[in-house]
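We count ligands from 1, going down the list as the structure has it; atoms in each ligand are counted the same way. The structure displayed is predicted, hence computed values, not measured ones.
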Amino acid sequence: MSNLFLRTLREDPADAEVPSHKLLVRGGFVRRAAPGIYTWLPLGKMVLDNVARIVHEEMAAIGGQEVLLPALLPKEFYEASGRWEEYGDTLFRLKDRKGADYLLGPTHEELFTLLVKGEYSSYKDFPVVLYQIQEKFRDEARPRAGVLRGREFHMKDSYSFDIDDEGLQASYEAHRAAYVRIFDRLGLEYVIVSATSGAMGGSASEEFLAVAPNGEDTFVRSTESDYAANVEAVAVPVPPALPVEGLPEAVVHHTPGTATIQTLVDFLNEAGTGRVYSEADTLKNLLVKTRAPGAEDWELLAIGLPGDRDVDLKRLEAALEPTEVALLDEADFAANPFLAKGYIGPRALLDNKVRYLVDPRVVTGTVWVTGADKTDHHVIDLVAGRDFTPDGTIDVAVVRDGDPSPDGHGTLYTARGIEIGHIFQLGRKYTDTFQVDALGADGKPKRVTMGSYGVGVSRAVACVVEQSHDDKGIVWPRAIAPADVHVVGTGKGEQIEEALRIGAELEARGLRVLVDDRKGVSPGVKFTDAELLGIPTGVIIGRGLKDGLVELRDRATGDREEVALTEIVDRTVAACRG
Ligand code: ATP
Ligand code: MG
């Protein structure tokens with residue numbers, strides 16, 4: 001440490017909000033060069049390399065072959081795929097001296113597709129998995145949280161190429177298993193969530209989320225099982241239909257001033273019907289408008305859901321994608337006078353051919369209070385499947401803590417996470433664009449199918465810190481720590497000489513060692529730095545040396561033990577290998 005390029009800081013950087021950002025800067029692992037752009041200092045680079053090594057090993061284990069593609073790319077390939085436009089402001093675009101357009105790669109599907117097209121042409125060549133660990137560039141709208149969301153960051157991106165769907169499935173499963181091993185080895189607590197709703201193709205895309213209260217991604221998990229899903233992908237369990245026989249007739253009532261659910265419930269309960277109503281007994285009908293891709297006109301869509309639930313716009317967008325969706329404005333209501341605002345019911349919707357989809361909980365035999373399509377009027381005892389038949393169901397209501405878990409075990413609660421990996425069955429999107437065919441066994445050309453898979457290598461470093469720190473500093477898991485042992489020599493001469501000697505012995509035994517051999521630095525400062533740097537095992541050589549005693553420390557548990565000098569090397573090796 002006397003010549004290590006390291007300066008630790010006592011103060012949190014002014015722009016830092018989350019623990020990983022604060023601690024990685026204070027510990028001298030990274031330095032901010034510009035917004036969202038970071039320099040990795042020696043200790044940080046060691047951690048980054050350790051993460052990369054684990055990724056390399058697990059990619060090799062599934063037959064991945066490492067390549068390195070350029071980051072500076074001509075516009076034409078991204079124009080062909082449509083992503084030059086689609087990426088919007090997130091893409092870093094630039095010009096060369098001749099005025100030609102270039103970009104800095106945000107991810108490399110186009111280039112990998114063209115690479116394979118250039119080299120391979122027979123079914124015998126496939127499957128192949130190619131990958132790289134490379135700097136990616138994205139002009140993120142909110143570069144925050146240090147290396148968690150950078151504008152330049154390190155990503156492992158791999159791409160599988162297969163001749164048929166079964167092959168793609170196998171490549172996908174192999175990646176999924178490799179990712180499980182990678183994130184297990186990194187010591188991360190994470191969940192795997194399906195990224196898209198079932199309608200979009202089920203498990204065709206899954207995200208690995210590191211569980212962290214500061215995460216930008218919300219997901220739900222079960223209290224009792226390992227069920228976890230993006231809110232967009234939750235499928236509400238459908239209750240069984242109920243018999244309609246013997247249910248009372250639907251009757252329209254005058255319910256003045258009850259345009260909101262709360263006023264309606266209060267009115268019903270004050271009316272003295274002998275029954276206690278709650279919001280969940282009402283059927284709320286929300287109107288939106290949708291526009292299919294390429295279509296010019298907007299169409300009305302009505303969504304019926306229990307009055308105690310709201311529509312989750314993110315879920316709605318995901319359920320309708322790629323169709324656009326927007327809320328109605330006054331002009332829309334004016335153009336459709338049959339919509340009695342606050343009193344919309346299924347009758348007018350169905351009579352006027354408005355597409356009417358209901359929450360999956362609105363099954364046949366359920367009884368509702370809902371709008372009677374006339375201001376100040378509601379209909380009571382309206383029975384689904386008897387008095388109205390919707391056009392189908394749509395599962396877009398807000399998912400609440402306490403809802404039953406779709407797998408039947410426990411209830412759901414909301415948690416936050418940070419995306420550390422993403423696996424994606426792309427299919428033939430890019431091979432269609434670039435016409436990548438392989439000659440099949442029958443002599444006929446077959447279109448190649450693809451998967452793409454990303455790991456946020458630099459982000460993973462920050463995620464580990466998010467999950468593994470205390471108020472004193474970082475607690476590195478050994479697998480990626482910058483060293484196994486931090487040998488601290490306090491005092492002036494003798495203890496420091498001894499620290500260097502023990503350090504050399506430990507190194508000879510195969511451990512990675514950092515020795516604090518700084519002179520003129522107080523023991524207090526050295527201990528504070530050691531806790532901040534977070535190396536798993538510490539050996540302290542202090543005053544006890546004259547009695548042949550040194551201290552063995554465990555950063556994670558805080559345990560401290562006096563150990564005889566003669567035993568310290570063996571004991572340290574055991575602690576590190578244990
Ligand atoms: P996010 O939703 O967090 O912006 P993304 O879905 O855009 O991520 P992908 O395109 O799936 O990201 O990229 C693969 C991986 O790269 C992500 O799972 C994430 O771990 C990492 N990553 C993406 N953007 C960044 C960034 N700005 N900084 C650091 N790592 C990133
Ligand atoms: Mg992603």
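Although no hydrogens or angles enter the test, the distance criterion places no donor-acceptor pair under 3.5 Å between the side chain of Asp432 and the main chain of Lys429.
Judged by a 6.0 Å distance limit and a 45° cone about the ring axis, Arg93 is positioned over the six-membered ring of Trp84.
Scanning Met155, Arg149, Glu419, Glu207 for the heavy atom closest to atom 4 (O) of ligand 1 points to Arg149.
The protein heavy atom nearest to atom 10 (O) of ligand 1 is Arg138 NH2, 2.8 Å. Looking only at heavy atoms of the protein, atom 28 (N) of ligand 1 is closest to Gly150 N, 3.0 Å. Nearest protein neighbour of atom 15 (C) of ligand 1, counting heavy atoms only, is Gly456 N, 4.0 Å.
Counting atoms of ligand 1 from 1 in the listed order, those under 4.0 Å from a heavy atom of Gly421 are 18 (O). Within the listing of ligand 1, atoms 24 (N), 26 (C), 27 (N) sit less than 4.0 angstrom from a heavy atom of Glu140. Taking a cut-off of under 4.0 Å to the non-hydrogen atoms of His422, the atoms of ligand 1 that pass are 11 (O).
In summary, Glu207 places no N/O/S atom under 2.8 Å from the Mg ion (ligand 2), failing the contact criterion.
Taking the charged nitrogens against the carboxylate oxygens, Arg149 and Glu216 do have a contact shorter than 4.0 Å, which makes a salt bridge. The existence of a salt bridge linking Glu232 and Arg315 is excluded, since no basic side-chain nitrogen approaches an acidic carboxylate oxygen closer than 4.0 Å. Using a 4.0 Å cut-off between a side-chain N of Lys or Arg and a carboxylate O of Asp or Glu, Lys95 and Asp101 qualify as a salt bridge.
For a threshold of 3.5 Å applied to N or O pairs, the pair formed by Ser458 and ligand 1 contains no separation below that value. Distances between N or O atoms of Phe153 and those of ligand 1 include no value under 3.5 Å. Ligand 1 has no nitrogen or oxygen under 3.5 angstrom from a nitrogen or oxygen of Val147.
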For Arg31 and Leu41: C-alpha separation, side-chain torsions, deciding distance, then whether side chain to side chain contact (heavy atoms under 4.5 Å, CB included) applies.
CA-CA 7 Å; Arg31 283 288 177 265; Leu41 301 182; 3.5 Å; yes
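Just one of Leu43, Val47, Leu24 meets the side-chain contact (heavy atoms from CB on, under 4.5 Å) condition when paired with Val30; it is Leu24. When the options Leu305, Ile303, Asp312, Leu286 are evaluated for a side-chain contact (heavy atoms from CB on, under 4.5 Å) with Val396, the one that passes is Ile303.
Neither the backbone nor the side chain of Ile418 has a heavy atom within less than 4.0 Å of ligand 1.
The closest approach between Ile420 and ligand 1 falls below 4.0 Å for a heavy atom of the residue. Ligand 1 does not have Asp217 within reach: every non-hydrogen atom of the residue lies 4.0 Å or more from it.
Judged by distance alone, the side chains of Ser20 and Lys22 never bring a donor and an acceptor atom under 3.5 Å apart. Side-chain contact annotation: Asp162 with Thr449, donor-acceptor N/O pair under 3.5 Å absent.
Residue-level check: among N/O/S atoms of His422, ND1 sits closest to the Mg ion (ligand 2). Nearest N/O/S atom of Glu419 with respect to the Mg ion (ligand 2) is recorded as OE2.
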